[in-house]
Chemist: 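Take a look at the following structure, please.
All of these numbers come straight from a predicted model, not from anything done at the bench.
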Amino acid sequence: MWQPASERLQHFQTMLKSKLNVLTLRKEPLPTVIFHEPEDIELCTTTPLMKTRPHTGCKVMYLGKVSTKGIQFPSGCTEQPVIELWKKHTLAREDVFPSNAVLEIRPFQVRLHHQDLKGEATVHMDTFQVARIAYCTADHNVSPNIFAWVYREINDDLSFQMDCHAVECESKIEAKKLAHAMMVAFKKTFQSMRSDGRIHKDSSSEELSQEINSDDG
């Protein structure tokens with residue numbers, strides 16, 4: 001026998017309440033069970049809020065880069081480039097340490113996250129291959145808080161140039177930590193490249209001193 005939809009729903013509600021009363025051994029009536037017709041159900045989609053993943057690194061002030069000459073990088077080779085960058089920076093220097101980037105050092109790659117004015121989001125990111133870093137140090141007379149590294153930049157025509165990059169840290173200790181982290185990253189990169197066959201197994205880290213030298217003071 002055909003029944004309207006509303007009558008079928010009412011009959012189903014009555015049966016459901018009766019069975020629930022029996023299962024729960026309750027004599028008092030249960031609250032009314034409300035059913036909605038399919039057309040009454042409103043489906044909505046929401047976009048989850050994406051939280052910015054914090055970068056694991058050191059907050060720094062990126063001072064910039066200058067080109068440097070030579071293929072040998074003895075101790076103190078970054079002093080003059082750092083002085084040049086420091087002079088440009090002090091023209092607009094503030095009393096409070098104004099970090100504008102996060103330097104993240106890991107095996108194979110160093111990442112410099114340039115942040116917005118609030119220091120909350122990454123505007124863009126520079127990457128540096130560890131195997132192309134020739135020298136790094138945290139020992140500078142102009143300021144003990146500066147960490148610098150010399151990077152072999154390869155141009156579109158396959159020529160290369162050596163650039164000295166520098167950052168100012170919050171303290172001398174933070175600068176020293178970056179120099180130590182860079183050396184650790186180089187050793188891990190070297191070991192992995194040797195195990196993969198990209199470097200002869202009879203080579204040692206001393207023989208590759210021209211690839212990277214670290215002076216952490």
Chemist: What are the two closest non-hydrogen atoms of F108 and Q129, and how far apart are they?
Modeler: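 Taking F108 first and Q129 second, the nearest heavy atoms are O-OE1, 3.3 Å.
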Chemist: side-chain contact (heavy atoms from CB on, under 4.5 Å) for R111 and H113? Distances and angles first, verdict last.
Modeler: CA-CA 6 Å; R111 297 177 180 180; H113 304 269; 3.7 Å; yes
Chemist: Is there a side-chain contact between Y135 and S75 (heavy atoms, below 4.5 Å)?
Modeler: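 With C-beta onward as the side chain, the pair touches.
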Chemist: Compare every heavy atom of A148 with every heavy atom of V82, then report the nearest pair and how far apart it is.
Modeler: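 Heavy-atom minimum between the residues: CG2-CB, 3.8 Å.
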Chemist: Distance check, rounded to the nearest 0.5 Å: I105 atom CD1 versus K177 atom NZ?
Modeler: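 Going from the CD1 atom of I105 to the NZ atom of K177 covers 12.5 Å.
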Chemist: Can you tell me how far the CD atom of E84 sits from the SG atom of C164, to the nearest 0.5 Å?
Modeler: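 With rounding to 0.5 Å, CD (E84) is 9.5 Å from SG (C164).
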Chemist: If you define the side chain from C-beta out and look only at heavy atoms, does anything of L112 sit under 4.5 Å from M125?
Modeler: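 They are not in contact (no side-chain heavy atoms under 4.5 Å apart), so the answer is no.
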Chemist: Keeping S99 on the side-chain end and A101 on the backbone end, is there a donor-acceptor pair under 3.5 Å?
Modeler: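 Pair absent, no side-chain N/O of S99 close to backbone of A101.
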Chemist: With a 3.5 Å cut-off and no angle check, do the side chains of E153 and N155 form a donor-acceptor pair?
Modeler: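 No, because no side-chain N or O of E153 sits under 3.5 Å from a partner of the opposite role on N155.
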Chemist: Partners of L85 by side-chain contact (heavy atoms from CB on, under 4.5 Å), sequence neighbours excluded?
Modeler: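 Residues passing side-chain contact (heavy atoms from CB on, under 4.5 Å) with L85: L63, V66, A166.
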Chemist: Work out which heavy atom in Q109 is nearest to a heavy atom in V130; give both atom names and the distance.
Modeler: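 Heavy atoms of Q109 and V130 come nearest at N-CG2, 3.3 Å.
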Chemist: Kindly indicate, with the supporting measurements, whether the criterion side-chain contact (heavy atoms from CB on, under 4.5 Å) is fulfilled by I133 and V150.
Modeler: CA-CA 6 Å; I133 294 177; V150 178; over 6 Å; no
Chemist: Judged by atom type as modelled, is there a donor-acceptor pair below 3.5 Å linking the side chain of S192 to the main-chain atoms of T189?
Modeler: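 Not a single qualifying donor-acceptor pair exists.
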Chemist: Is the shortest distance from a Lys or Arg side-chain nitrogen in E104 or R106 to a carboxylate oxygen in the other one below 4.0 Å?
Modeler: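 Here E104 pairs with R106 in a salt bridge, since their nearest N and O are under 4.0 Å apart.
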Chemist: Rounded to the nearest 0.5 Å, how far apart are CD of Q72 and SG of C77?
Modeler: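 Separation between the atoms: 10.0 Å.
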Chemist: Atom CG in L178, atom CD1 in I146: separation rounded to 0.5 Å?
Modeler: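 Taking CG in L178 and CD1 in I146, the distance rounds to 12.5 Å.
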Chemist: Side chains of H140 and T78: do they bring a donor and an acceptor to under 3.5 Å?
Modeler: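 Checked: H140/T78 side chains pair up, N/O donor to acceptor below 3.5 Å.
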Chemist: By side-chain hydrogen bond (donor to acceptor under 3.5 Å, both in side chains), which residues pair with D157, not counting sequence neighbours?
Modeler: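 Counting only residues at least two positions away or on another chain, D157 forms a side-chain hydrogen bond (donor to acceptor under 3.5 Å, both in side chains) with S159.
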Chemist: Evaluate the side-chain proximity of W86 to E168: yes if any heavy-atom separation is below 4.5 Å, no if none is.
Modeler: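 Yes, close enough: below the 4.5 Å cut-off.
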Chemist: Give me the atom names and distance for the closest heavy-atom approach of T90 to K87.
Modeler: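 In this case the closest contact between T90 and K87 is OG1-O, 2.9 Å.
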Chemist: Answer yes if the ring centres of W149 and F147 are under 6.0 angstrom apart, and no otherwise.
Modeler: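 Under 6.0 Å, so yes.
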Chemist: Quick check: closest heavy atoms across E170 and N145, and the distance to 0.1 Å?
Modeler: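 So the minimum-distance heavy-atom pair works out to O-ND2, 3.9 Å.
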Chemist: Above 12 or not: heavy atoms from other molecules or residues under 6.0 Å from CD1 of I154?
Modeler: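 Count over threshold, so yes.
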Chemist: Can you find a heavy atom in the side chain of V110 that is under 4.5 Å from one in the side chain of L103?
Modeler: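 Result yes, sub-4.5 Å side-chain heavy-atom pair found.
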Chemist: Test M183 against K187 for side-chain contact (heavy atoms from CB on, under 4.5 Å), laying out the working first.
Modeler: CA-CA 6 Å; M183 177 54 68; K187 289 181 178 180; 3.8 Å; yes
Chemist: Begin with the C-alpha distance, continue with both residues' side-chain angles, and end with the deciding distance and a verdict on side-chain hydrogen bond (donor to acceptor under 3.5 Å, both in side chains) for N100 and H114.
Modeler: CA-CA 6 Å; N100 64 355; H114 298 273; 5.7 Å; no
Chemist: Indicate the atoms forming the closest heavy-atom contact of D116 with V123, along with that distance.
Modeler: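 That closest heavy-atom pairing would be N-CG2, 3.5 Å.
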Chemist: Within this structure, what is the SG-NE2 distance for the pair C136 and H165, rounded to the nearest 0.5 Å?
Modeler: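 The NE2 atom of H165 is 13.0 Å from SG of C136, to the nearest 0.5 Å.
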Chemist: Quick check: do Y151 and M162 have side-chain heavy atoms less than 4.5 Å from each other?
Modeler: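 Answer no - side chains too far apart.
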